[in-house]
S.K.: 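Here it is, the structure, as structure tokens.
Protein chains get the first letters and strands the later ones, always in sequence-line order, with residue 1 at the start of each. No hydrogens, no waters, no symmetry mates; every other heavy atom, side chains included, goes into these values.
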There are 2 protein chains.
Amino acid sequence: MISSIAELISDRIGTMPAGERRAAQTLIANYPLTGLKTVAEFSAAAGVSSPTILRFVARLGFQNYPEFQSALQDELAAQLQSPASRTLNPASPVGGGAVSPMLEATLQNMRETFRHLSDKQLADIATRLAERRGKTFLIGGRFTDPLARYMAAHLAIIQPDVYHLAGQESIWRDRLIDMGKRDVLVIFDIRRYQESLVRFAEKAHQRGVQIVLFTDQWLSPIARFARHVIAGRTAVPSAWDSSAALFVVAETLIGAVTRQLEAAGAKRIRDLESLR
Amino acid sequence: MISSIAELISDRIGTMPAGERRAAQTLIANYPLTGLKTVAEFSAAAGVSSPTILRFVARLGFQNYPEFQSALQDELAAQLQSPASRTLNPASPVGGGAVSPMLEATLQNMRETFRHLSDKQLADIATRLAERRGKTFLIGGRFTDPLARYMAAHLAIIQPDVYHLAGQESIWRDRLIDMGKRDVLVIFDIRRYQESLVRFAEKAHQRGVQIVLFTDQWLSPIARFARHVIAGRTAVPSAWDSSAALFVVAETLIGAVTRQLEAAGAKRIRDLESLR
DNA sequence: CAAAATACGTAACATACGATACAGCGCTCC
DNA sequence: GGAGCGCTGTATCGTATGTTACGTATTTTG
């Protein structure tokens with residue numbers, strides 16, 4: 001049973017054309033606010049044209065845009081008024097310390113992040129990472145590069161041809177020569193988005209590379225070029241943004257890819273197990 | 001200080017004429033949804049005419065109706081993103097998918113990890129990291145080194161002399177010469193514990209270096225030499241162990257150190273802010 | 001109680017919004 | 001490699017929306 005529009009979208013996002021999928025991703029990224037704005041603003045936020053937005057809402061089963069907005073508003077009204085919304089964790093365990101809020105916010109971020117992320121989406125991404133015929137490249141920004149390294153460290157064990165792109169921009173820019181449409185590029189990029197990464201992503205996209213983007217809820221501009229976008233919540237009561245939600249998504253994906261390869265009976269996995 | 005539009009309204013509702021007051025009451029009644037609808041719908045809901053609605057928003061200080069709506073949307077956006085007010089849909093939809101168990105286990109790991117970790121412990125470690133008189137070194141194992149990098153990337157910004165030890169063992173072994181009792185060494189080590197790290201930790205300990213250890217619940221042998229031990233839960237339904245709990249602890253510490261340095265009015269922090 | 005000022009609604013207007021037709025483009029499949 | 005299909009953006013149109021002017025009603029004040 002599909003109760004919310006968000007679920008409806010996650011359900012059908014797989015069958016949507018590229019433009020409408022970008023609309024869907026943008027809407028999910030900060031749901032449901034983008035859908036309450038005008039078509040023009042929505043389209044600008046998603047980087048597509050107005051008709052694409054209208055086709056998007058039509059595909060969801062709405063007769064017209066106002067009807068779509070009304071549905072979103074009704075949903076929001078129910079959510080805001082539901083008593084459940086006020087009853088979460090009553091008991092921050094005292095402490096008075098500044099720790100609990102941090103943990104609570106982080107846990108909340110993870111729930112939120114996964115709420116906007118359907119099992120199917122994750123499975124699709126895992127499949128792309130597992131069944132890719134070419135190579136896998138991973139790269140991240142100033143603070144997120146460790147996440148790229150973490151993921152690369154795991155994937156490189158269960159798959160051949162997994163490369164983390166490190167060091168100077170000039171170094172990985174030259175690696176573009178090796179990339180083609182059979183390859184996958186995993187990019188981590190949260191605010192403040194790095195110009196160099198955007199440029200790199202664009203060029204990779206032009207070469208037909210499939211891009212999987214890990215970003216925050218405000219979506220890196222790289223989302224324009226990405227085949228798959230994962231928007232993680234990053235807000236915590238701290239001077240820094242939190243990458244913890246993205247970290248967990250990464251771990252989940254690592255697990256899913258491993259499982260798929262195991263299920264496929266990949267020779268490499270068997271060889272690995274015999275080595276241990 | 002008036003932060004929300006709702007406060008602004010209740011502040012001025014006393015000075016409003018009857019019609020506008022009805023508009024105000026209607027809006028407050030199911031705030032802020034009525035304000036996101038059209039003027040015609042708003043006026044119908046309040047039982048007044050359109051111009052009355054417009055005069056109402058004008059009295060609140062808005063130039064026109066769209067500006068008023070934008071303000072409401074911004075406020076709603078902030079509210080939806082803040083962890084406090086947000087709820088999650090009842091009980092994860094229990095898809096047969098393999099995702100929910102992974103997330104649930106991870107969340108549980110974090111709660112458990114923090115349950116065994118008092119605020120005081122964390123504060124002590126943060127103090128050691130913030131007030132250390134010497135240098136800070138960070139290093140990790142095969143899968144945890146990215147966590148060391150992540151922490152180093154942040155600490156290096158707010159403190160001088162923060163070094164991540166990378167590359168071959170022979171390289172960081174030589175750095176031992178630089179280490180003394182005023183220095184702090186942060187080590188990440190989970191199963192299977194790496195011999196090289198244990199040796200390194202021992203030698204550092206002999207030189208009087210203060211060791212902060214991030215490990216799993218079974219405790220790396222390094223715990224023998226460590227001044228502070230953080231034991232994170234790592235078990236998840238996956239072929240791999242999860243470092244997510246340790247990651248969150250690391251983020252928490254980063255935040256705590258930052259706060260302490262700010263509170264101490266560290267010159268570097270002020271300089272940083274002036275740079276931004 | 002009278003007169004003035006303020007508040008409110010009706011009606012007309014202009015803008016900008018959503019909707020649609022159409023053409024160009026890339027992609028897939030034979 | 002070519003033909004067909006489907007997706008996407010541009011341009012145009014009708015309309016619903018916010019806005020304003022003005023006349024009437026209501027309250028306030030001397």
S.K.: Between Tyr65(A) (OH) and dA19(C) (P), how many Å, whole number?
M.R.: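 The answer, rounded to whole Å, is 9 Å.
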
S.K.: Tell me: CD of Gln210(A) to P of dC27(C), nearest whole Å?
M.R.: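 About 11 Å, once rounded to whole Å.
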
S.K.: Just compare dG9(D), dG9(C), dT8(D) and give me whichever is closest to any side-chain atom of Ala18(A).
M.R.: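 For Ala18(A), the side-chain atoms sit closest to dT8(D).
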
S.K.: Measure from CD on Glu20(B) to P on dT27(D) and round the result to the nearest Å.
M.R.: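 Distance check: Glu20(B) CD to dT27(D) P gives 16 Å.
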
S.K.: Have a look at Pro17(B) and say if it touches a base, only the backbone sugar-phosphate, or nothing, with a 4.0 Å heavy-atom cut-off.
M.R.: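 Counting heavy atoms under 4.0 Å across all strands, the contact made by Pro17(B) is with sugar-phosphate only.
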
S.K.: Flag the pair Asp241(A) and Arg191(A) as a salt bridge only when some basic side-chain nitrogen lies within less than 4.0 angstrom of an acidic carboxylate oxygen.
M.R.: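 Salt bridge flag = yes for Arg191(A) with Asp241(A).
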
S.K.: Cation-pi between Arg175(A) and Phe137(A): NZ/CZ under 6.0 Å from ring centre and within 45° of the ring axis?
M.R.: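 Ring-cation test returns no.
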
S.K.: So which nucleotide from dG18(C), dG18(D), dA21(D) ends up closest to the side chain of Pro66(B)?
M.R.: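 Shortest atom-to-atom distance from the side chain points to dG18(D).
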
S.K.: Would you indicate, yes or no, if dG9(D) has its OP1 or OP2 atom less than 4.0 angstrom from a side-chain nitrogen or oxygen of Thr52(A)?
M.R.: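 Affirmative; the distance criterion is met.
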
S.K.: Write down the distance between CZ (Phe42(B)) and P (dG9(C)), rounded to a whole number of angstrom.
M.R.: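 Computing the Phe42(B):CZ to dG9(C):P distance gives 13 Å.
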
S.K.: What is the distance, rounded to the nearest whole Å, between atom CZ of Phe62(B) and atom C1' of dG18(D)?
M.R.: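 These atoms are roughly 16 Å apart.
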
S.K.: Could you tell me whether the side chain of Thr215(A) and the main chain of Ser220(A) form a donor-acceptor pair under 3.5 Å?
M.R.: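 Yes, because the side chain of Thr215(A) sits within donor-acceptor range (under 3.5 Å) of the backbone of Ser220(A).
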
S.K.: Which one, dA19(C), dG18(D), dT19(D), comes nearest to the side chain of Ser50(B)?
M.R.: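 Comparing dA19(C), dG18(D), dT19(D) against the side chain of Ser50(B), the answer is dT19(D).
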
S.K.: Does a distance-only test, which skips hydrogens and angles, find a donor-acceptor pair under 3.5 Å between the side chain of Arg55(B) and the base of dG9(C)?
M.R.: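 Counting by modelled atom types and ignoring angles, a donor-acceptor contact under 3.5 Å is found here.
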
S.K.: Please state how far atom CD in Glu41(B) lies from atom P in dG18(D), giving the value in whole angstrom units.
M.R.: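 Distance check: Glu41(B) CD to dG18(D) P gives 9 Å.
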
S.K.: Out of dG9(D), dT19(D), dG18(C), which has the shortest distance to the side chain of Leu54(A)?
M.R.: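 Selected nucleotide (nearest to the side chain): dG18(C).
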
S.K.: When rounded to the nearest 0.5 angstrom, what is the spacing between CZ in Arg22(A) and OG in Ser43(A)?
M.R.: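 Answer for the CZ-OG pair, Arg22(A) versus Ser43(A), is 11.5 Å.
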
S.K.: Using whole Å, report how far CD1 of Ile53(A) lies from P of dT10(D).
M.R.: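 These atoms are roughly 14 Å apart.
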
S.K.: In terms of the angle between their ring planes, are Phe188(A) and Phe214(A) parallel, tilted or perpendicular, with boundaries placed at 30° and 60°?
M.R.: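 Parallel, since the angle between the ring planes stays under 30°.
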
S.K.: Starting from P on dC7(D), measure out to CZ on Arg59(A) and report it in whole angstrom.
M.R.: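 From Arg59(A) CZ to dC7(D) P: 6 Å.
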
S.K.: Which nucleotide wins on minimum distance to the side chain of Thr38(B), given the candidates dT17(D), dA19(C), dG9(D)?
M.R.: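 My answer, after comparing the listed nucleotides, is dT17(D).
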
